[in-house]
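Residue numbering restarts at 1 for every chain, and letters A, B, ... go by the order of the sequence lines.
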There are 2 protein chains.
Amino acid sequence: MLDRTDLAILDQLGLDARASFARIGAVVNLSAPAVKRRVDRLLARGVIDGFTVRLDPAALGWATEAHVEVYCTGATRPATMRDAFERYPEIVTASTVAGEADALVHVRAHDVRHLDAVVERIAAEPFVVRTRSTIVLTPLVRRPDTPRTTV
Amino acid sequence: MLDRTDLAILDQLGLDARASFARIGAVVNLSAPAVKRRVDRLLARGVIDGFTVRLDPAALGWATEAHVEVYCTGATRPATMRDAFERYPEIVTASTVAGEADALVHVRAHDVRHLDAVVERIAAEPFVVRTRSTIVLTPLVRRPDTPRTTV
DNA sequence: TATGAAACCTAGTGGTC
DNA sequence: GACCACTAGGTTTCATA
């Protein structure tokens, strides 16, 4: 499967996805072509989903953040929720959950007014019974979405 | 500040952070050096925080996910929470929130048993009164952490 | 099957207009 | 911001273990 060299490469790409294969190779004790081949393989296998930029939300005007618990009617299908949620550019992540609420949605907005408008639009979706919002005060920890796997 | 060309560049980097400046330039109608200068400027200004790899958590064995509301004693300082939460590799994000709970923590674990152990450790922190966990069933939407800003 | 060395080609980078 | 020139990095080929 994945050996510790693969994990070390993922670790380096996590720190800087634009690092040259030669520089990554220097860290993981491999030549540039060898690193490239492993990265290509990780891409082909879907372990690596792609390369992105890490942006500062505040610098781009997305200063307000909230988590919205969504309570849905009867047996709303996940596909119905996804189709609805995908239309909101303000929704960063959404998932169905076990517990009181049916879905949990992470929303980013420009300000509280904007956030309020988005939550109202969500609450007005046909399958939504009610919502419960939790506004974020201060971010404490912000890490890559997948924890580092140490071997 | 940021013009629509900058935003278009950020958009392209979001799709593929390893794309060549020339290819990005072809999309945003700019020469490669011009794109590089803008990216350098966005990095210097902190709008771009860095470049990372997007990984498939499941492929790396992080199949279980939960959101944990943390209720703290009296006036626990955010710094105290951060110091504690940062020691958990399983914690992806954490923030203080307004509402019933004091903090909201996003946890990734290998399986339910692992998740349970992590939540118990969090609950045992000296400043924690109680926790309330919401386990994720199915991810519906998963987008870049900062929404696209259309101008 | 995975690697390293070399060759070749493409991209990054700094200077100039 | 474009163009040019130079350097660095990506990518393929090939030989090897």
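Checked by atom type, the side-chain pair T52(A)/T52(B) shows no donor-acceptor distance below 3.5 Å.
Looking at DNA chain D, the stems built from 3 or more consecutive Watson-Crick or G-U wobble pairs, each pair with its key distances under 3.5 Å, are C:1-7 with D:11-17, C:9-17 with D:1-9.
Proximity of a side-chain donor or acceptor of R18(A) to a complementary backbone N or O of A19(B) within less than 3.5 Å is detected. A donor-acceptor pair is defined here as one N or O able to donate and one able to accept, closer than 3.5 Å; such a pair exists between the side chain of H110(B) and the backbone of G61(B).
Dense packing is recorded around CZ of R41(A), with more than 12 heavy atoms of other residues, nucleotides or ligands lying under 6.0 Å away. Summarising the local packing, CZ of R77(A) is surrounded by 12 or fewer heavy atoms from other residues, nucleotides or ligands at distances under 6.0 Å.
For the atom pair R23(A) CZ and Q12(A) CD, the distance stands at 6.5 Å (nearest 0.5 Å). Note that CG of D6(A) is 10.0 Å distant from CG of L60(B), once rounded to the nearest 0.5 Å.
If you check residues 14-33 of chain A against DNA chain D, the residues with a heavy atom closer than 4.0 Å are S20(A), F21(A), P33(A), listed by number.
In summary, R132(A) and E100(B) engage in a salt bridge, as defined by a charged side-chain N under 4.0 Å from a carboxylate O. Between R142(B) and D56(B) there is no salt bridge, since no side-chain N of the basic residue sits under 4.0 Å from a carboxylate O of the acidic one.
Under the 30°/60° scheme for interplanar angles, the aromatic rings of H106(A) and H67(A) are found to lie parallel.
In this structure, NZ of K36(B) is placed 17 Å from P of dT7(D), rounded to the nearest angstrom.
Nucleotides of DNA chain C with any atom under 4.0 Å from a heavy atom of chain B span, from 5' to 3', dA11(C) to dG15(C).
R37(B) has no side-chain polar atom (N or O) that falls below the 4.0 Å cut-off from OP1 or OP2 of dA2(D).
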